[in-house]
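Sequence positions, counted from 1, serve as the residue numbers for this chain.
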Amino acid sequence: MTYTIKGQTGDWEVVMGLEIHCQVISNSKLFSPASTKFGAEPNSQVHLVDAAQPGMLPVINEKCIEQAVKTGLGINAVINNKSVFARKNYFYADLPQGYQISQADQPIVGEGHVDIVDDQDEHKRIRVERIHLEQDAGKSIHDMEPGKSMVDLNRTGIALMEIVSYPDIRSPKEAGEYVKKIRSIVRYLETCDGNMDEGSMRCDVNVSVRKVGEEGFRTRTETKNVNSVKFVMQASEYEAKRQIEAYENGEEIVQETRLFNTSTGETRSMRGKENANDYRYFPDPDLLPLVLSDEYIQDIKNNLPELPSEKKERFVKDLGLSDYDAEVLTAEKENAVYFETAIAAAKKAEAKSISNLITSELFGILKKEEAGITESPISAEQIADLADLIKEGVISGKIAKQIFELMIGECKSKMPSVIVEEKGLKQMNDTGAIESLIDEVIAANPDKVAEIKAGKDKLKGWFVGQVMQKSQGKANPGQVNQLLAAKLK
């Protein structure tokens, strides 16, 4: 069903658009040579341009232009041959110039789109209106001294790409999926690191509501600087319900900027929301229009890395993975790198078996430890070795689970083939030895044998389990099933 919220006066629909701010990966800032390194001492990475000293002129960083074009191409967008930097005028303590250099009606990237999975698990296209480049502001710190605010200008002038969607998003889940997709794309392209907890990717959530079947849009609010997928979903859901309650109580929604409280899961009013004309945009007189040739754009396009959607398609088509497994393995760049490293290291194992070990066993371990794949205690080479052992019949799937436990425990960093030798975990493939175990189980359970002969076929699984137990999980399950079936006849 389409996502709706039930109110006292009927069903309501949520209408959302997101503005995602992505910090551009570059060594220096958009208009100055100051470093962009995260975590430096306050005010230690500030150039005279950033501090708005008299007579200091901005100079465009070509790397930032290239990164914006790459991102635009990654979301299937139009790259504009001509774009203009403008001054966005407003006063804030951490904005030394008294204006922000941004792009207004002539951005570097025009319309594009990304595809997500909606609430009905169907593919949905979210249109992107534009990507524009702008410089970041500084950071005001209010909790260091009572009655005083401090300003850190290290972030001032760092290049941001603002990715603005159309209001095509209709649920908190869709909002979360959209943010994850954008984050995945910029990480694959290496145009933004996507570290939302460090602030290098932030999201402004625009929310309005309307009655189901209603045409047009009602007044929207903007919740600023939401810094995780989870919080984007929480903020959008809370704000939608707040607006519905207000409408049903006869109140009006005002256009405003709000903040999200991560502790309470609520939004609160911050200030009235300005319109574009309040900023008095005009072309920056210190910067000429930016003109990109078709050859420049095509050269960047020719050198784009493989994007997650392309990699997923290749995993399905060439490696035989299911659509679901391919989606899981390509959602994060690190997952795909790990998987492909394991494939390259494997001697005989197929991609499907390696995928199963990663998505079923390894991801289960990582989830328990609340760790990402880059923090995995098990290397891709160990996974490849384990898959080879299964393929060659040296171990069974059950023994593989034991080896996983050993690799994160007492046998850290050891290859599975070494663990198998040291622990005596080789699979039993000797037909005579397996037959002997089967004979013992059959002899000890004549009543159950009689039940099977009477047609109770489900008991065959019980017999298999007993034989595997007797072999301490080492008997070849395929041989056990085959030999047991013959003997029970």
Peer 1: Determine, for Tyr166 and Arg127, whether the Lys NZ or Arg CZ falls below 6.0 Å from the six-membered ring centre while staying within 45 degrees of the axis.
Peer 2: yes
Peer 1: Quick one: does any side-chain atom of Asn335 pair with a main-chain N or O of Ala331 as donor and acceptor, under 3.5 Å?
Peer 2: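 Pair absent, no side-chain N/O of Asn335 close to backbone of Ala331.
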Peer 1: When you measure from the side chain of Ser353 to the backbone N and O of Glu350, does any donor-acceptor pair fall under 3.5 Å?
Peer 2: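 A pair under 3.5 Å: yes.
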Peer 1: Does Glu375 have more than 12 heavy atoms from other residues, nucleotides or ligands lying within 6.0 Å of its CD?
Peer 2: yes
Peer 1: Answer yes or no: is there a donor N or O on one side and an acceptor on the other, between the side chain of Tyr188 and the main chain of Thr330, under 3.5 Å?
Peer 2: yes
Peer 1: Would you mind reporting whether Thr71 and Val186 have side-chain heavy atoms less than 4.5 Å apart?
Peer 2: yes
Peer 1: Ignoring hydrogens and angles, tell me if any N or O in the side chain of Gln67 forms a donor-acceptor pair with the backbone of Glu190 under 3.5 Å.
Peer 2: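 Checked: pair present.
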Peer 1: When you check the gap from the basic side-chain N to the acidic O, do Asp115 and Arg125 get nearer than 4.0 Å?
Peer 2: yes
Peer 1: Any donor-acceptor pair under 3.5 Å linking the side-chain atoms of Arg258 with those of Thr267?
Peer 2: yes
Peer 1: Quick one: closest heavy-atom pair of Asp168 and Glu174, and the distance?
Peer 2: O-OE1, 4.0 Å
Peer 1: Minimum heavy-atom separation for Thr223 to Leu259, with atom names?
Peer 2: CG2-C, 4.0 Å
Peer 1: Does the side chain of Asn43 reach to within under 4.5 Å of the side chain of Val46, using non-hydrogen atoms?
Peer 2: yes
Peer 1: Please list all pairs passing the side-chain hydrogen bond (donor to acceptor under 3.5 Å, both in side chains) test where one or both residues lie in residues 151-160, with sequence neighbours left out.
Peer 2: Asp136-Arg155
Peer 1: Using modelled atom types only, decide if a donor and an acceptor are shared between the side chain of Gln103 and the backbone of Ile108 within a distance under 3.5 Å.
Peer 2: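 Yes, the answer is positive, given that a donor and an acceptor are paired below the 3.5 Å cut-off.
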Peer 1: Is a side-chain donor or acceptor of Ser44 paired with a backbone partner of Glu41 at a separation under 3.5 angstrom?
Peer 2: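 Indeed, once roles are kept as given, a pair shorter than 3.5 Å links the two residues.
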Peer 1: Can you see whether Tyr281 has Lys88 sitting over its ring - NZ or CZ less than 6.0 Å from the centre and within 45° of the normal?
Peer 2: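 Geometry flag: not set, cation outside 6.0 Å or 45°.
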Peer 1: Would you call Asp121 and Lys173 a salt bridge, taking side-chain N to carboxylate O under 4.0 Å as the test?
Peer 2: yes
Peer 1: Checking Asn227 against Asp197: is there a side-chain donor and acceptor pair closer than 3.5 Å?
Peer 2: no
Peer 1: Of all heavy-atom pairs between Ile354 and Ala346, which one has the smallest distance, and what is that distance?
Peer 2: CD1-CB, 3.8 Å
Peer 1: Given Phe217 and Arg210, is the side-chain contact (heavy atoms from CB on, under 4.5 Å) satisfied, shown in steps?
Peer 2: CA-CA 7 Å; Phe217 299 132; Arg210 63 188 178 189; 3.4 Å; yes
Peer 1: Give a yes or no on whether Lys352 atom NZ has more than 12 heavy-atom contacts from other residues, nucleotides or ligands under 6.0 Å away.
Peer 2: yes
Peer 1: For the residue pair Val14 and Ser171, establish whether any side-chain heavy-atom pair is separated by less than 4.5 Å.
Peer 2: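 With C-beta onward as the side chain, the pair stays apart.
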Peer 1: Can Arg280 be said to sit on top of Tyr90's aromatic six-ring, NZ or CZ under 6.0 Å from centre and within 45° of the ring axis?
Peer 2: no
Peer 1: Between the side chains of Glu340 and Arg314, is the shortest nitrogen-to-carboxylate-oxygen separation below 4.0 Å, so that they form an ion pair?
Peer 2: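 A salt bridge links Arg314 with Glu340.
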Peer 1: Contact between Leu288 and Phe85 at the side-chain level, heavy atoms closer than 4.5 Å - yes or no?
Peer 2: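 Side-chain contact under 4.5 Å: no.
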Peer 1: How close do Ala240 and Ile5 get, counting heavy atoms only, and between which atoms?
Peer 2: CB-CD1, 3.9 Å
Peer 1: Given the ring of Tyr99, does Arg87 sit roughly above its face, with NZ or CZ under 6.0 Å from the centre of the six-membered ring and within 45° of the axis?
Peer 2: yes
Peer 1: Could you tell me whether Lys211 and Glu13 make a salt bridge, using a distance below 4.0 angstrom between a side-chain N and a carboxylate O?
Peer 2: no
Peer 1: Are the side chains of Ile300 and Leu73 in contact, using a 4.5 Å heavy-atom criterion?
Peer 2: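 Yes. Closest side-chain heavy atoms under 4.5 Å.
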Peer 1: Going through the checks in order, is the side-chain contact (heavy atoms from CB on, under 4.5 Å) test met by Ile383 and Phe339?
Peer 2: CA-CA 9 Å; Ile383 290 287; Phe339 173 60; over 6 Å; no
Peer 1: Can you name the ring pair (Phe, Tyr, Trp, His ring centres under 6.0 Å) partners of Tyr338, sequence neighbours left out?
Peer 2: none
Peer 1: Find out whether Ile79 and Leu292 are in side-chain contact, i.e. whether some heavy atom of one side chain is under 4.5 Å from a heavy atom of the other.
Peer 2: yes
Peer 1: To the closest 0.5 Å, what do you measure between CD (Glu361) and CE (Met407)?
Peer 2: 9.5 Å
Peer 1: If you compare all heavy atoms of Ala175 against all heavy atoms of Val232, which two are closest, and at what distance to 0.1 Å?
Peer 2: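 Taking every non-hydrogen atom into account, CB-CG1, 4.0 Å.
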Peer 1: State, with a plain yes or no, whether a side-chain heavy atom of Thr359 is found less than 4.5 Å away from one of Tyr324.
Peer 2: no
Peer 1: When rounded to the nearest 0.5 angstrom, what is the spacing between CG in Asp193 and CZ in Phe38?
Peer 2: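 Rounded to the nearest 0.5 Å, the CG-CZ separation comes to 9.5 Å.
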Peer 1: Do Asp294 and Gln298 get their side chains close enough for a donor-acceptor pair, meaning under 3.5 Å?
Peer 2: no
Peer 1: Looking only at side-chain N and O atoms, does Ser102 offer a donor or acceptor that is under 3.5 Å from a partner on Glu134?
Peer 2: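 Yes.
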Peer 1: So, for Val164 and His132, which heavy atoms are closest and what is the spacing to 0.1 Å?
Peer 2: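 Scanning both residues completely, I find the closest heavy atoms to be CG2-CE1, 4.2 Å.
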Peer 1: What distance separates Asn206 CG from Ser236 OG, expressed to the nearest 0.5 Å?
Peer 2: 11.5 Å
Peer 1: Any donor and acceptor pair, going by atom type alone, linking the side chain of Asn249 with main-chain N or O of Glu245 inside 3.5 Å?
Peer 2: yes
Peer 1: Answer yes when Glu162 and Arg130 have at least one side-chain N-carboxylate O distance shorter than 4.0 Å, and no when they do not.
Peer 2: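 Answer for the salt bridge query: no.
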Peer 1: Is the closest side-chain heavy-atom distance between Glu19 and Ile163 below 4.5 Å?
Peer 2: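 No - every pair of side-chain heavy atoms lies 4.5 Å or more apart.
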Peer 1: Given Lys124 and Arg170, is the side-chain contact (heavy atoms from CB on, under 4.5 Å) satisfied, shown in steps?
Peer 2: CA-CA 11 Å; Lys124 177 177 179 177; Arg170 293 291 179 271; 3.6 Å; yes
Peer 1: Using a 3.5 Å distance criterion without hydrogens, assess whether the side chain of Glu310 forms a donor-acceptor pair with backbone atoms of Leu307.
Peer 2: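 Yes.
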Peer 1: Enumerate the residue pairs fulfilling side-chain hydrogen bond (donor to acceptor under 3.5 Å, both in side chains) with a member in residues 20-37, sequence neighbours excluded, ordered by first and then second residue.
Peer 2: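 Residue pairs passing side-chain hydrogen bond (donor to acceptor under 3.5 Å, both in side chains), neighbours aside: His21-Asp204, Ser28-Asn61, Lys29-Asp50, Ser32-Asp50.
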Peer 1: Are the charged groups of Glu177 and Lys180 less than 4.0 angstrom apart, N to O?
Peer 2: yes
Peer 1: Flag the pair Glu237 and Lys241 as a salt bridge only when some basic side-chain nitrogen lies within less than 4.0 angstrom of an acidic carboxylate oxygen.
Peer 2: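 Here Glu237 pairs with Lys241 in a salt bridge, since their nearest N and O are under 4.0 Å apart.
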Peer 1: Would you say the side-chain atoms of Arg187 pair up with the backbone N or O of Ser184, donor to acceptor, closer than 3.5 Å?
Peer 2: no
Peer 1: Can you find a side-chain donor-acceptor pair between Thr221 and Glu256 that sits under 3.5 Å?
Peer 2: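 On atom types as modelled, these side chains do not qualify, holding no pair under 3.5 Å.
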Peer 1: Cut-off 3.5 Å, side chains only: do Asn195 and Ser200 have a donor facing an acceptor?
Peer 2: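 No pair is found: no donor N or O on one side chain lies under 3.5 Å from an acceptor on the other.
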Peer 1: I'd like to know whether Leu386 forms a side-chain contact (heavy atoms from CB on, under 4.5 Å) with Ile403, so could you lay out the CA-CA distance, the side-chain angles of the two residues, the decisive distance to 0.1 Å, and finally the verdict.
Peer 2: CA-CA 8 Å; Leu386 188 63; Ile403 294 172; 3.9 Å; yes
Peer 1: Got a donor-acceptor contact below 3.5 angstrom from the Asp118 side chain to the Glu122 backbone?
Peer 2: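 Checked: pair present.
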Peer 1: Do Lys6's NZ or CZ and the ring of Trp12 fall within the cation-pi criteria of under 6.0 Å and 45°?
Peer 2: no
Peer 1: Mind checking the CG-CG spacing from Leu362 to Asn356? Nearest 0.5 Å is all I need.
Peer 2: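 It comes to 12.5 Å.
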Peer 1: Would you call Glu266 and Arg268 a salt bridge, taking side-chain N to carboxylate O under 4.0 Å as the test?
Peer 2: no
